[in-house]
Structures are given as C-alpha cells and as structure tokens.
There are 2 protein chains.
Amino acid sequence: MNKDSMLALDNQLCFAVYACSREIFRFYRPLLDELGLTYPQYLTLLVLWEKGELTVKELGSLLFLDSGTLTPMLKRMESAGLIRRQRSPKDERKVNVSLTEDGKALKERARCIPETFLQKSDLPEKELRDLLERLQGLQQQIRCLNESQ
Amino acid sequence: MNKDSMLALDNQLCFAVYACSREIFRFYRPLLDELGLTYPQYLTLLVLWEKGELTVKELGSLLFLDSGTLTPMLKRMESAGLIRRQRSPKDERKVNVSLTEDGKALKERARCIPETFLQKSDLPEKELRDLLERLQGLQQQIRCLNESQ
DNA sequence: ACCAATTTAATTGTGTACAATGTAATTGCG
DNA sequence: CGCAATTACATTGTACACAATTAAATTGGT
C-alpha cells in the first residue's frame, strides 16, 4: 500500500492488456502463417467475410485503424491476390475494398482458428465471453474519453 | 448461432484485447507527450523505477520484449538522457541498463498518470482490479501454451 | 585446459501503428 | 453558381514488434 504501488508494472491494467494482446498474437502466428496472413490482415478479412465490400473508411472505423495503417496493408493484401481495391465511380475519393475468389476461399481454412483458441485456452466459454464484453465496454468508455478531447 | 458467428469480429476476444490496448495507448499519449515519452518507454521506466538496474535480458523478460525491440528503444532513451547502457564488467555479454538523474526525476512527474486513468475511466476500482487479474491469468495461460511449442 | 554448446545482445528485414501533411473530389452555404 | 470547408485516401517520418541471423562471451563436459 505504499505510494509507489500505483506505479508498479503488475498493477497497470494498460500493461496487462498490452502484454495479453501480444501473447495472443504469438498464439495466432503459427496458425496464420499457414494461411500466409499477418494478424491485422486476418482481422481485415474477418470484416470483409462478414460485411462484403467496404470502403477504406468503413474498414477503418470497424478496425479502429486509419489510412496510414490500412493503405499499405491493403496494398500488400492486393499483391497477395486476396482483395481488390478500386476507386468508387460515384465518388472518386472513396476506394472500395472487395474480396477476390482466393480471399473468399480462405474463409473455410480460417474457420478452425477461433475454435483452436477456444479449445487450447482451456477456459470456460462463459468466462471468455464475460471478459470479451468487459473489454468491449472498457474500450468504448475510453474511446468516448479520447474522442471528447 | 449460425456457423459464421465464430468468425464475427465482435466475437473475437483477440480483437477486443487488441483494440482495447490501442485505445488505452491513445489515452496515455497526451499525458506521455508532456514527459517526452512513448508508451513502451514509459513501461520501461516503470520497471527501472521499481527494480533499479537491470540487464537487457531481465528487462525483456519482465516486459515480454526481445532485444530486437529493446535495443533500438533503449538507444533512443539513452540519447534522450533518461538511462545509461553499459556492458557488465563481470560478463561482457550483458548490458546493464540504469537510470540517470533525469530518468529518476521523471518518476514524480509520472505519478499522476495511473491516477488520471483511474479517475477518468470512471469505473469502480474493484472492477478494474478484477479485469487486471483476469487478463494476467489469461496471458499466463497462453504464454504456457506458446512456450510449450 | 579445450572446445562444442549455450547465452546475451545487436543487426536485418518485414509489417504494422499513428501523427502530420498533402491532394483531389465533393458538399454546402451565401 | 462560386468557393471555402469538409471528406477520403495517400504519403512521410518515427517508433515499435518480432522472426531470423550474426557475433562475441561464457559455460560445462571430458
């Protein structure tokens, strides 16, 4: 209870979230390597599989990433033949991102990934669901704070 | 409950953790800008303030970072006058990292950062503590899985 | 004591993140 | 309509992350 405990690494929620995030990355890596994907690319495909064609802007607001991150990543995914990027004819400012056949086909091969995580983590599904919802709540809370500044 | 729900972005714990981590980064940024620190540099200082002098290896095992990340970051912190890096005389393979007076002095200015987060997040301290412990548990769980491979 | 195996950092190369800036297209107000 | 403000991306520059490799120092078995 000394005054320094507030600064102890193990008492920082921020570090716990950050370290946990990277640990999960490491878990996913060998699974994603088989599909030739990085982790952010996998998340991008999750969105496209779910929603179909989207603009860069829409992708960004779902993934909380900006064009500085997305543009180069999407170019790499286009080179890999997973997606197409094309200017919207109606509004030349927008770039529509859509799946190629190869990109669509990856979905079936990716299906086992969340299941593998669920099984190997060996925690009750209810517990993971609860943690998920708390984190979503916390993120939204902080996002409001960040956006109001 | 359809078969695709497992692949929905909003059902991915991994994404919730990742997005939350970056949202917290964004919250800390303006506070850390005042101290001239990045977020990983702040975490590194937390460790050094708590433990005193450490080798790169020891820092890495506390922060879960390797020399590929730490070496350039520590060089930047050395250039900024916050730390010293010196080869151990006893074992020339090791590099000891220690705080300069400026680095030590930052501790008092950083003290308000975790408090600000606690206050602004506006969540019960008990809730945040609970989330912290769950995340630490999850990280350890996954780390075991990752290391056993 | 000798030398292969191990340990510790540093380096290299790729891929995010993100602030700040630039640019072209579109909107909306007077 | 005319044009300033806004919007959507792209670009630039800095800073992580991390796998893979390299290099130097140390250790441990014979």
Side-chain angles (χ1 to χ4, degrees), chain A residues 14-15 18-30 32-33 36-44 54-61 63-80 82 85-97 143 146-147 149, chain B residues 14-15 18-30 32-33 36-44 54-61 63-80 82 85-97 143 146-147 149:
Chain A
C14 60
F15 177 65
Y18 161 73
C20 198
S21 175
R22 288 187 294 116
E23 202 68 54
I24 297 178
F25 269 48
R26 275 191 275 274
F27 179 86
Y28 275 75
R29 181 180 300 273
L32 293 173
D33 277 348
L37 295 174
T38 66
Y39 186 73
Q41 289 172 9
Y42 166 71
L43 295 177
T44 302
L54 292 172
T55 66
V56 173
K57 174 77 171 176
E58 289 163 338
L59 260 178
S61 59
L63 294 169
F64 309 106
L65 292 170
D66 69 7
S67 70
T69 301
L70 287 174
T71 297
M73 186 180 73
L74 293 172
K75 284 182 178 176
R76 282 187 286 271
M77 293 174 76
E78 188 178 39
S79 302
L82 300 173
R85 298 160 63 244
Q86 38 203 1
R87 290 275 164 190
S88 163
K90 297 179 187 170
D91 185 341
E92 286 281 341
R93 291 170 307 179
K94 299 183 181 177
V95 170
N96 290 124
V97 180
R143 185 151 40 88
N146 289 341
E147 283 172 3
Q149 287 311 324
Chain B
C14 61
F15 176 65
Y18 161 74
C20 198
S21 175
R22 287 186 296 118
E23 202 68 52
I24 297 178
F25 268 47
R26 274 191 275 274
F27 179 87
Y28 275 75
R29 181 180 301 272
L32 293 173
D33 277 350
L37 294 174
T38 66
Y39 186 73
Q41 289 172 11
Y42 166 70
L43 294 178
T44 301
L54 292 172
T55 66
V56 172
K57 172 79 172 176
E58 289 163 339
L59 259 178
S61 59
L63 294 169
F64 309 105
L65 292 170
D66 70 6
S67 69
T69 301
L70 287 174
T71 297
M73 185 179 72
L74 293 172
K75 284 181 178 176
R76 282 187 286 271
M77 294 174 76
E78 188 177 39
S79 302
L82 299 173
R85 298 161 60 244
Q86 38 203 0
R87 290 273 163 192
S88 161
K90 295 179 189 171
D91 185 341
E92 288 281 341
R93 292 171 305 179
K94 299 182 180 177
V95 169
N96 291 122
V97 180
R143 185 151 39 87
N146 289 341
E147 283 172 2
Q149 286 314 322

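Convention: sequence-line order gives letters A, B, ...; per-chain numbering from 1. None of the values given here were measured: they were computed from a predicted structure. Basis for what follows: all heavy atoms, side chains included, without hydrogens, waters or symmetry-related copies.
Annotation: cation-pi geometry not satisfied between B:R29 and B:F27 (NZ/CZ under 6.0 angstrom from ring centroid, within 45° of ring axis).
Of the candidates C:dA9, D:dC18, C:dC18, D:dC18 carries the atom nearest the B:D66 side chain, counting heavy atoms from C-beta on. Of all nucleotides listed (D:dA17, D:dA8, C:dA17), C:dA17 comes nearest to the side chain of A:L65.
In summary, A:E23 and A:R26 engage in a salt bridge, as defined by a charged side-chain N under 4.0 Å from a carboxylate O.
With DNA chain C read from its 5' end, the first of the two nearest nucleotides for A:D91 and B:R87 is the one closest to B:R87. With the nearest nucleotide of DNA chain D identified for both A:R26 and A:V95, A:V95 has the one nearer the 5' end.
Protein atom CZ of A:F27 is 16 Å distant from nucleotide atom P of D:dC18, rounded to whole Å. If you measure from atom CZ of B:R93 to atom C1' of C:dT6, you get 8 Å, rounded to the nearest angstrom. One can place NZ of B:K57 at 13 Å from P of C:dA10, the figure rounded to the nearest angstrom. A:E92 has its CD atom 18 Å from the P atom of C:dT23, to the nearest Å. The distance between atom CD of A:E78 and atom C1' of D:dC9, rounded to the nearest whole Å, is 14 Å. In this structure, A:K90 places its NZ atom 25 Å from P of C:dA24, rounding to the nearest Å. The distance from atom NZ of A:K94 to atom C1' of C:dT26 is 10 Å, rounded to the nearest whole Å. One interatomic measurement links the two molecules: CG of A:D33 to C1' of C:dG15, which rounds to 13 Å at whole-angstrom precision.
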Review item, nucleotides 11-15 of chain D N/O atoms under 3.5 Å of protein N/O:
residue: D:dT11; atom: OP2; partner: A:K75; partner atom: NZ; Å: 2.7

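By the salt bridge (Lys or Arg N to Asp or Glu O under 4.0 Å) test, A:R93 is found to be paired with A:D91, residues two or more places apart in sequence or in another chain being considered.
Taking SG of A:C20 as the reference point, atom OH of B:Y18 lies at 15.0 Å (rounded to 0.5 Å). For the atom pair OG1 (A:T38) and OH (A:Y28), the distance works out to 14.0 Å, reported to the nearest 0.5 Å. To the nearest 0.5 angstrom, B:L65 atom CG is 8.5 Å from B:L43 atom CG.
Distances shown here put every side-chain N or O of A:Y18 at or beyond 4.0 Å from the OP1 or OP2 atom of D:dC16. For C:dA19, the OP1/OP2 oxygens have a side-chain nitrogen or oxygen of B:R29 closer than 4.0 Å. The phosphate of D:dA10 has OP1 or OP2 within less than 4.0 Å of a side-chain N or O from A:R85.
Proximity of B:L70 to B:V56: side-chain heavy atoms (C-beta onward) are separated by under 4.5 Å at one or more points.
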